Amino acid sequence: MKEIQLNVNGKDYSLNIDENMRLIDLLRDKLGLLGTKEGCGEGECGACTVIMDGETVTSCLVMAFQAHGSEILTIEGLESNGKIHPIQQAFIDVGAVQCGFCTPGMIMSAKALLDKNPNPTREEIREGISGNLCRCTGYNKIVDGVELAINYIEEGK
Amino acid sequence: MKKRGRGIGVSFYGTGYGNGFPDVSKAKVVLHDEGKVGIYVGGTEVGQGAKTALLQIGAETLSISLEQILFISEDTSLMPDSGTAAASRQTYNTGNAVKKACENFKDRLIDIAKEELELNSTHGLKVEKGEIYLEFFPDKRISFKELVDKYGDGTIQGEGEFIAQTVEMDPETGQGAPYWPYTFNACGVELEVDTLTGQVEILDAVFAQDAGKAINPHLVEGQMDGGFAMALGYALFEDLKLDKGRIKSNKFSRYLIPTAMDMIDVKNIIVEDPESTAPYGAKGIGEPVMIPIAPAILNAIYDATGVRIKELPVTPEKLRKALDEANGGGGSD
Amino acid sequence: MKFDIVGKNIIRTDAYSKVTGKALYPQDIYMDNMVYGKTLRSKLPHAYIDIDTSEAEKIEGVIKIFTYKDVPNNSHGVVFKDHEVFCEKKVRRIGDPIAFVVGETEEVCKLALDKIKVDYKELEGVFDPEIAMDENSPKVHGDSNIVYHFKIRKGDIEEGFKNSYVIAENTYKTHMVEHAFLQPEAGVSLIDEEGRVTVMVATQYPHYDREEVASALNIKEEEVRIVNTNIGGAFGGREDISLQIHLALAAYTLKRPVKVVYSREESFIAHAKRHPMIMKCKTGADKDGKLLAMEAEIIGDTGAYASWAPNVLRKAGVHITGPYYIPNVVVDSYAVYTNNPFAGAMRGFGATQVPIAHEQQMDILAEKLGMDPISIRMINIFKQGSVTATGQVLTESVPVEACIKEVVKRMDLFGEEGHNEETW
Amino acid sequence: MALEEVYKGENVDEVVELLDKYGKDAKIIAGGTDIVIDLRNNRIDPKVLIDISSIEELKGIKDKGEYIEIGAGVSFTQVVENPLFERNLYGLNKACHMVGSPQIRNKGTLGGNIANGSPAADSIPPLICLNSTLILKSVRGRREISIEDYYKDENEKIRPDELLVSIGFKKPKENQVLSFAKLGLRKALAISRLSIAILVELDEEGKIINIEVASGSLGKYPMRELELEQFLLGKKLEDSTVDEGVLVLQRAMEKRLAGRSTFPYKRVAVDRMFREALEEAMKYLDEVRL
């Protein structure tokens, strides 16, 4: 067992973890943050994407002990003042969601992209979400969703 | 050298289990507390949007708001069997069952309203916005809530069953009517082949899909994009690499499905030609949307290079080899 | 006709729960007192087996190891009951389930899997469906590998080809592919308050699962409850039984909640694949491009189990003409067992494979006739009132022409510009 | 063996001491993009894991005037976003940009790419063209090995008690340029099928006076293409020279890959990659000359 401290979605935690635990296991099994999904276990599908110290990572490829001292943002941390994030709203409005399993990770990648580049082109959006596989949507409505989110954020919606 | 080409694929698809097999969908509609209407149906939401489309069919038929409906489609102990979420049959088959159940439920409400409103006949009674009223004397009206308060939760029900019509084919001649309805589509693609690397890049695509009537155009477009991407993977990338029964590409780092960067913006066109046996004319499109794309790609590759690829997938290596063979086994090109 | 709700872009009922991460899939279910299960699968494609679980059972934390001996009715399958819940004597493909370990943790289950001894006596396998059709090839089940043969005989095929001005004859092959839905199979089983064995799972057809679970456990359907969670994509890959019976059997026996989560690698091996097909196609047309005859042979490799093979090869056979009127048609469509991974339903269900053949045939004929690909299609497409190769009359809603016109309108498909252009 | 202890390293000294203590039983983890998969597949089975992802001194890109030193813990994203690699070092930027996906580039490090010795690692050929040096530390002190030797020479490996701390190379001159081309099977998340990096300098008449070409996935490890370099040196880059250069490269790779099932394909595909890298280099050099 190893003791670590980290901040998840604005809350500080001190946890005892197994040495071989991954960040995704910590989030799901220890903290019950089930919006982070495991789709492949090798960092290919991006369903487990979270934002770690400002950058997206696939949480299946981060060992839990490595997250000691870091700040993690998961899909559950996007809501503020009881309101969902503009990207989430935009995904709903354009129909960017089908089976939904890739959706939380996709939204985290979209958020990291817009944090860095508030006005990306469609091609830049495609690249920004290129580490998140989706088998249902063919991605186009997801790209539409990110584009709409740019407007929502500008309008302060 | 990079060469451009265009190609078209056209296809049809017959909905349902087919071939005379009883293809049954059932649904049940129940009046609940607060005048809410429960639709109970075994149509599974796999991501395609079945729940939303069936809900729309229900709300349309009952002339009530979506918020007034409780939709239950998860638990076998609660809902009737509506067949599988496959064969592109949920919108057509289960949609019909939902529509019938709603209509029967409305008839039942009208019968009861006639008694409650002390009318001589059911003629002229209309169900709308959670009320039953007499169209030419609207003071005669009673709400769903009043009815459920009087009759109790769950007592007023309507059931619906839909069985698709197909005729088993003759085992020797294949003559029969195996599926109904059929759905049609056409897809055109423009692409570029790098004759040195054998890579194919899709540049443009137009995709027209017959939906009978689109219950929810966004959902149909989402299916079309998704079908296109899956077909793109089928044609160009995906390969299990079977070796004596062993799947060598058994993970996402080896079994390559398209990423957002591999997809393009497809020009999707929904063609509407309502089908009279379908709920509001709507036909299933879940499967058809992946069918014409791969052949369009293959025809476009031929248009670009003069090489016919008759075996999927068109990996860069395979296309390179075919180009070489077409050039008499020569070198670069 | 004007509608209030139909035809509108109503927001999906599940969109909010999915964008917020609140939508639960089977892997997201955690229960008190829950134990875990893992499946031991065949490492060889064709072999007789003998299983010894005694060493594995001694591992601390292992609760029970289920094998064929524990299943009241060991067979299941969507069309034929040719799947075993756990293989008894013979494995027919790599990945066939042999045993199911239930333990206190996933780690314990993994350790136990390594300790189960399976004595394989390898049999010659057959991996090529054309070879499998030969009566001297190794048999996967019973005494023939041919699962199904579908036929169409319409008109006079010889006359059709005799009158043809051009004939295209080619063989096309499609490969086995995977659904690759994003959510790997998972499930949780338990005994509910009313004593029913309950399986929470992501499935395309809960009532079918209920039937199979009840049949395997030899209990009444009313005693089984299937609850669908959110489903992370399916595309046909969640039609056959995967972990439902294993889970139900374990909860029914142990009276504790049991959870199974497949890894991506296990998901690849656990569910059906798309049928690879070999399609031999001969198509004839007259001078004007009017189709006169088609003769087609389709061989579909269904791998080790039939799953939906008869229905898939039937659908392939019916659709091989494409959406075109052809007066003289002969189709022979076969489903064949091999020791490959089993094939079943996947988006399009046999109708996805055949256009690889018929649409290329159309272009080949067009080229032979000096026609363009659109014109040859326009001459032959189904219209209202057309009769299909099976004699079915298409009485309404046949907008093939409209679809093609929409595409041509937006894309200068075969004009001067861009046609066979070398860009650099 | 099972994982017994994990350390989150705070500085290089601490890590080299741990390496001294545990040696072969220890494994360094940085981005984790390879290691975590290897751990779960039991391809590696260390007793001790030492994380270096939070060690600031390993995460810097230092412009030392004539030299650049990239810390072993620098992520691909850091390289892509650093203005040092925008102009004549664009080839390294491009190579790092083509790694995996945004998530992999955020975590994955140049150091990890090297230390894991993957033959298909995208970032290596450009570093070989730059004649990079690997700087290693242990309790015994500091050691340097050339990246080319590291791949080529069985005896020039990172020893179990050594930590790769940085990769150093001399900055190319303003009129030299580094370019890169990679062939992947899709546009993102694509493992390299083959890659080519070129460092080139022309004189005023357009003759090649300096050239380094390195390839990835054209042999057992990333390597210099010496025969091609020799052929090109002193020549003007006319079409016929490029065509002939392709043949030289193809002959060289044939010696290494003949008989392999992938060879016929790579032999032709390398043509495109070589030309693409060369064209990119020329585009830059043309701009500089104007």
Side-chain angles (χ1 to χ4, degrees), chain A residues 37-49 56 58 60-61 90-110 112-114 120-148, chain B residues 44-53 56 85 187 201-205 207 209 214-234 237-238 249-268 270 285-287 289-290 293:
Chain A
K37 309 295 184 191
E38 179 161 5
C40 72
E42 54 166 352
E44 284 280 321
C45 79
C48 67
T49 301
T56 53
T58 44
C60 73
L61 293 189
F91 270 47
I92 292 176
D93 293 345
V94 301
V97 177
Q98 288 190 28
C99 90
F101 200 75
C102 75
T103 307
M106 197 67 86
I107 289 173
M108 298 316 285
S109 282
L113 170 71
L114 296 187
T121 62
R122 271 183 94 79
E123 273 318 296
E124 284 167 342
I125 295 169
R126 285 187 186 282
E127 186 181 338
I129 59 166
S130 63
N132 295 75
L133 296 177
C134 170
R135 190 60 154 170
C136 298
T137 66
Y139 305 101
N140 291 338
K141 289 220 183 288
I142 294 174
V143 179
D144 294 346
V146 180
E147 276 189 330
L148 182 63
Chain B
T44 297
E45 172 62 60
V46 292
Q48 84 281 45
K51 231 172 149 168
T52 308
Q56 284 181 255
C187 178
E201 178 163 10
I202 311 291
L203 303 171
D204 194 12
F207 184 10
Q209 175 65 50
I215 298 287
N216 184 323
H218 270 175
L219 291 180
V220 175
E221 288 159 17
Q223 287 293 303
M224 292 172 76
D225 282 333
F228 192 99
M230 191 177 271
L232 179 65
Y234 185 45
F237 300 142
E238 294 173 30
S249 299
N250 67 340
K251 50 176 96 174
F252 281 163
S253 53
R254 293 197 190 146
Y255 189 82
L256 307 181
I257 68 173
T259 69
M261 290 175 82
D262 299 299
M263 241 322 253
I264 60 156
D265 285 307
V266 180
K267 297 182 185 85
N268 291 321
I270 300 171
I285 53 97
E287 292 170 279
V289 292
M290 102 160 263
I293 291 99

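Sequence lines set the chain letters: A, B, ... in the order given, protein chains first and strands last, and positions in each chain run from 1. Everything numeric in this text was worked out from a predicted model, so none of it was measured.
Side-chain atoms of A:E42 never come within 3.5 Å of backbone atoms of B:K251 as a donor-acceptor pair (strictly under, hydrogens ignored). Not one N or O on the side chain of A:Y139 forms a donor-acceptor pair closer than 3.5 Å with the backbone of B:A229. Under the 3.5 Å distance criterion, the side-chain polar atoms of B:D265 are left unmatched by any main-chain donor or acceptor of A:N140. At least one donor-acceptor pair closer than 3.5 Å links the side chain of A:Q98 to the backbone N or O of B:G222.
Proximity of A:C134 to B:M263: side-chain heavy atoms (C-beta onward) are nowhere separated by under 4.5 Å.
Proximity to chain B is absent for every atom of A:V143, based on heavy atoms less than 4.5 angstrom apart. When heavy atoms are compared at a cutoff of 4.5 Å, B:L232 does not approach chain A at all. Residue A:S130 touches chain B through both its backbone and its side chain, counting heavy-atom pairs closer than 4.5 Å. Residue B:F228: no heavy atom, backbone or side chain, is found under 4.5 Å from chain A. If you measure heavy-atom distances from A:E127 to chain B, the contacts under 4.5 Å come from both the backbone and the side chain.
Top candidate by heavy-atom pairs under 4.5 Å with chain A, chosen from B:Q223, B:M224, B:Q48, B:M230, is B:M230. Of the listed residues B:V266, B:L219, B:I257, the one with more heavy-atom pairs under 4.5 angstrom with chain A than any other is B:I257.
Side-chain atoms of A:E44 and B:S253 include no donor-acceptor pair closer than 3.5 Å.
Of all heavy-atom pairs between A:R126 and B:M261, the closest is O-CG, 3.7 Å. Residues B:F252 and A:C45 approach most closely at CD1-CB, 3.9 Å, considering heavy atoms.
In this structure, A:D144 CG and B:E221 CD are separated by 9.0 Å, a value rounded to the nearest 0.5 Å. Taken to the nearest 0.5 Å, the OG1 atom of B:T259 stands 7.5 Å off from the CG atom of A:L133.
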